[in-house]
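This report refers to the structure that appears directly beneath it.
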There are 2 protein chains.
Amino acid sequence: MSGEAEDRPDLAAMLMRLGRHMVAVEQPILAAHDISMWGYAVLTVLRDEPMRTQTALARSIGADKTRLIPVLDELQKRGLIEREPDPADRRVRLLGLTPAGRALHQAAQTEIREAEAVLLDQLPAGDRRTFLRALEKLGTESA
Amino acid sequence: MSGEAEDRPDLAAMLMRLGRHMVAVEQPILAAHDISMWGYAVLTVLRDEPMRTQTALARSIGADKTRLIPVLDELQKRGLIEREPDPADRRVRLLGLTPAGRALHQAAQTEIREAEAVLLDQLPAGDRRTFLRALEKLGTESA
DNA sequence: TATTGTTATACTCTATAACTATA
DNA sequence: TATAGTTATAGAGTATAACAATA
């Protein structure tokens, strides 16, 4: 309980406003690599760890499993992901990045980080670190 | 340019994830007051300053002017906003809160701040202040 | 019977364009 | 002719439910 008066917009409003702005900033970069926002999100998750089911993948990026299917179809067709039935349980699809998928993700992320820096450089280095750490912590522990 | 390796999710992903979560947290509160997210956004803007046109109001909350109209119809019908033609230029609608609108906004916002505190209390007080200030600054200066 | 993945459908949200009225 | 507001329509994005394959 801080005794200070908090004269600021609501948290959801600030997050969604800045979030929409950053999505708009990312859009041209992703388009240059011919990949959608959901496609990029899939590559990001699979880079950190392969997944055993599409349902788990969908949950981890906050998407419905049904709307991931066209995305996975496209990524597979372009040779960016592997997606093969598990011999031990042929209902599930083992998911992972191909080298091409890894390379594309790396290239796109590098450009995205440069675009983010333009925004984040408005903050002093210490505030920037605190901001990013807080944002990551709140997102992972609650959402 | 910080020389540190930045092993974190992309900024847009973190913002949208936490933003969606906070919207979900707000939803039951707004529903209890029988008001939509856009309706609440309108009340918030008008509390800070009356507006001279609906187009300006739409722009200030990042919405299309056409999708604001049913929202304004509803708010007006419930006596939460005033919306009268400007005698000096009868094309424009002068917009402002009624006392009832101001009271409803205040009540809802109080509950929303309490819900936000549950999340924000995970941060040390200093980090919390830095986080909120940074978020507000980045949102207003760029988006 | 339960679970994974898929397809088809319906629904919500949003943007586009056309219209009215004022200036 | 230009602008504010409104209406109608179409499009994108998303979720719901039914289905097929496997356990």
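Numbers restart at 1 for each chain; the letters A, B, ... are given by sequence-line order, proteins then strands.
The CG atom of A:L57 sits 14 Å away from the P atom of C:dT4 (whole-angstrom rounding). Rounded to an integer number of Å, the gap from CZ of A:R59 to P of D:dA15 is 15 Å. The distance from atom CZ of A:R93 to atom P of D:dA21 is 12 Å, rounded to the nearest whole Å. Put simply, CZ on B:R67 is 8 Å from C1' on C:dC13, counting in whole angstrom units. Rounding to whole angstrom units, NZ of residue A:K65 and P of C:dT3 are separated by 11 Å. Straight-line distance from the CG atom of B:L68 to the P atom of C:dA15: 12 Å, rounded to whole Å. C:dT4 atom P lies 9 Å from atom CZ of A:R52, rounded to whole Å. Rounded to whole Å, atom P of C:dA15 lies 10 Å from atom CZ of A:R20.
B:R47 and B:Q106 form no side-chain donor-acceptor contact under 3.5 Å, judged by distance and modelled atom types alone.
The distance from atom OG1 of B:T53 to atom CG of B:L95, rounded to the nearest 0.5 Å, is 7.5 Å.
Here the nucleotide nearest the side chain of A:I69, chosen from C:dT6, D:dG5, C:dA17, is C:dT6. Nearest to the side chain of A:D89, among C:dG5, D:dA23, D:dA4, sits D:dA23. Side-chain proximity of A:T66 to the nucleotides C:dT22, C:dT4, C:dT7 is greatest for C:dT7.
Considering only side-chain N and O atoms, B:W38 lies under 4.0 angstrom from the phosphate OP1 or OP2 of C:dT14. Using a 4.0 Å cut-off, no side-chain N or O of B:T53 falls inside it from OP1 or OP2 of D:dT3.
The residue among A:A63 and A:R90 whose nearest nucleotide of DNA chain D is located toward the 5' end is A:A63.
With hydrogens and angles ignored, a donor-acceptor pair closer than 3.5 Å exists between the side chain of A:R91 and the base of C:dT3.
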- [ ] Show the numbers, then the answer: is there a side-chain contact (heavy atoms from CB on, under 4.5 Å) between B:H105 and B:T44?
- [x] CA-CA 7 Å; B:H105 177 269; B:T44 302; 3.0 Å; yes
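Using a 4.0 Å heavy-atom distance criterion, A:D64 is classed as a base contact.
Salt-bridge check for B:R113 with B:E116: passed, with a basic side-chain N closer than 4.0 Å to an acidic carboxylate O. Between A:D10 and A:R17, no side-chain nitrogen of the basic residue sits less than 4.0 Å from a carboxylate oxygen of the acidic one, so the salt-bridge criterion is not met.
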